[in-house]
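Okay, structure first, notes after.
All ligand and atom numbering here is 1-based and tracks the order in the structure.
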Amino acid sequence: MGEFGVMKNIQMVDLRSQYEKIKEEVNAGIQDVIDTTTFIKGGKVNDFQHNLEAYLNVKHVIPVGNGTDALQIALMAMGLKPGDEVITPTFTFIATAEVVALLGLTPVVVDVDFDTFNISIESLKKAITPKTKAIVPVHLFGQNADMEAILALAKEHNLYVLEDACQSIGSVYTFSDGRQVQSGCVGDIGCTSFFPSKNLGCFGDGGAIFTNNDELAAKMRSIANHGMVVRYYHDVVGVNSRLDSIQAAVLDVKLKKLDEYCSNRLSAADYYDAAFSVTDKLITPARIAQSSHVFHQYTLKLNGVDRAGLIKYLADRGIPAMIYYPVPLHLQKAYQDARYKAGDFPVAEKLSECVMSLPMHTELSEEQLEYITKSVLEFVG
Ligand SMILES: *Cc1c(COP(=O)(O)O)cnc(C)c1O
């Protein structure tokens with residue numbers, strides 16, 4: 001096949017090569033679902049739920065249709081009223097704020113920290129008002145936000161903490177007393193997504209909610225199932241959001257590999273970090289002591305480098321690179337709001353102009369990493 005044969009397969013996420021290694025087990029799991037025809041709410045979903053509860057060391061996992069639904073159901077369970085304020089970082093995927101707006105709540109956005117991309121505690125402090133009811137930290141790109149500071153603020157102001165752990169499953173947060181908790185299980189509620197390209201991805205849509213709170217768990221289970229507790233008796237207005245059995249069968253196989261997948265990503269990140277340490281034109285992702293990093297994305301900050309030129313240069317060499325995220329929430333058309341204008345969140349705005357994510361997945365070979373890093377450094381000079 002030659003050198004170009006290997007290199008031309010470089011992708012942001014290589015789901016095909018990952019599948020090849022677990023094909024037999026995944027296919028058998030899917031066939032099992034088809035043979036039993038329990039496509040919804042079968043034993044596979046229960047098995048996966050219990051296995052994920054054990055992995056996360058959390059009391060309740062509630063499997064749902066996708067990560068966005070997970071966030072929406074979590075907010076619905078808090079019993080908030082129109083006008084109540086929910087704080088999210090402005091530098092994130094749109095879903096985090098979308099569900100707040102859809103429920104008639106008021107999204108309040110705050111700036112992020114330049115080093116970690118995560119919610120800025122200073123900016124968060126300034127945004128808390130008597131109407132604030134919840135904080136939604138996003139563990140962006142796979143590293144936990146400063147949860148200890150967030151929990152302290154939440155306690156002081158009596159707020160819910162809803163973790164958007166859609167990019168951080170498998171990451172571990174360490175408190176200053178040494179206690180270690182899985183990402184998404186630190187706050188009142190955590191949400192994740194099993195979208196195929198996420199760190200634990202299925203073969204379609206899927207998501208889950210995590211909590212140690214029995215009362216919230218019961219509410220969320222009911223909301224996800226049309227607000228029903230006893231069949232055909234509906235106590236609250238709910239939605240229809242469920243993980244199907246085929247997705248659960250895939251996820252149950254991949255969950256057993258999650259630690260290995262995290263470690264493969266970490267090795268790739270280590271390789272990138274070492275290669276790029278030779279230049280100050282590329283700022284490698286900061287890692288904090290309080291959190292492990294599961295590198296959903298490997299995101300560089302470019303320092304005086306023509307980003308569009310670099311992306312084009314890489315594309316010509318068969319290397320994809322992406323911008324996560326090109327526009328912060330407060331500058332998105334759908335979220336235009338008299339409260340916000342350009343310049344309000346300078347860190348997020350600066351990041352949106354200088355970030356670039358490189359291929360990051362579980363199957364990157366050393367040859368590919370060498371080719372990618374060499375190509376980037378060639379352009380940067
Ligand atoms: C992927 C993602 C979501 C939404 O998950 P879906 O399963 O696609 O609905 C929400 N928040 C963040 C930060 C994400 O990365």
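Note on ring orientation: taking the six-membered ring where Trp is involved, the planes of H234 and H226 are perpendicular (angle over 60°, cut-offs 30° and 60°). Relative orientation of the Y272 and F276 rings is parallel, given thresholds of 30° and 60° on the angle between their planes.
In this view, K59 and D214 satisfy the salt bridge (charged side-chain N to carboxylate O under 4.0 Å, His left out) rule, not counting sequence neighbours. Considering only residues two or more places apart in sequence or on other chains, E353 meets the side chain to side chain donor-acceptor pair (under 3.5 Å) condition with none of them.
Every atom of ligand 1 is numbered from 1 in the order shown, and the set under 4.0 Å from a heavy atom of N66 is 7 (O), 9 (O). Listed by number with element, the atoms of ligand 1 under 4.0 angstrom from any heavy atom of G67 are 5 (O), 6 (P), 7 (O), 9 (O). Below 4.0 Å from some heavy atom of V138 lie the following atoms of ligand 1, by number and element: 13 (C). Atoms of ligand 1 found under 4.0 Å from any heavy atom of K198, numbered from 1 in the order shown, are 1 (C), 2 (C), 3 (C), 5 (O), 14 (C), 15 (O).
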F345/H330 under ring-ring contact (aromatic ring centres under 6.0 Å, His included): CA gap, chis, key distance, verdict: CA-CA 8 Å; F345 303 106; H330 69 283; 4.7 Å; yes
F141 and Y298: CA distance, side-chain angles, deciding distance, ring-ring contact (aromatic ring centres under 6.0 Å, His included) verdict: CA-CA 7 Å; F141 304 147; Y298 183 86; over 10 Å; no
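Residue contacts with ligand 1 do not include D205, since none of its heavy atoms lies under 4.0 Å from the ligand. By the 4.0 Å heavy-atom criterion, H296 is excluded from the residues contacting ligand 1.
Where the criterion is an N or O separation shorter than 3.5 Å, residue side chain and backbone included, T92 fails it with respect to ligand 1. At a 3.5 angstrom cut-off on N or O pairs, T68 counts as close to ligand 1.
Summarising the geometry, atom OG1 belonging to T129 is positioned 7.0 Å from atom NZ belonging to K131; distances are rounded to the nearest 0.5 Å.
Of the candidates A208, S193, C166, it is C166 that places a heavy atom closest to atom 10 (C) of ligand 1.
Here the protein heavy atom with the shortest distance to atom 11 (N) of ligand 1 is D164 OD2, 2.8 Å.
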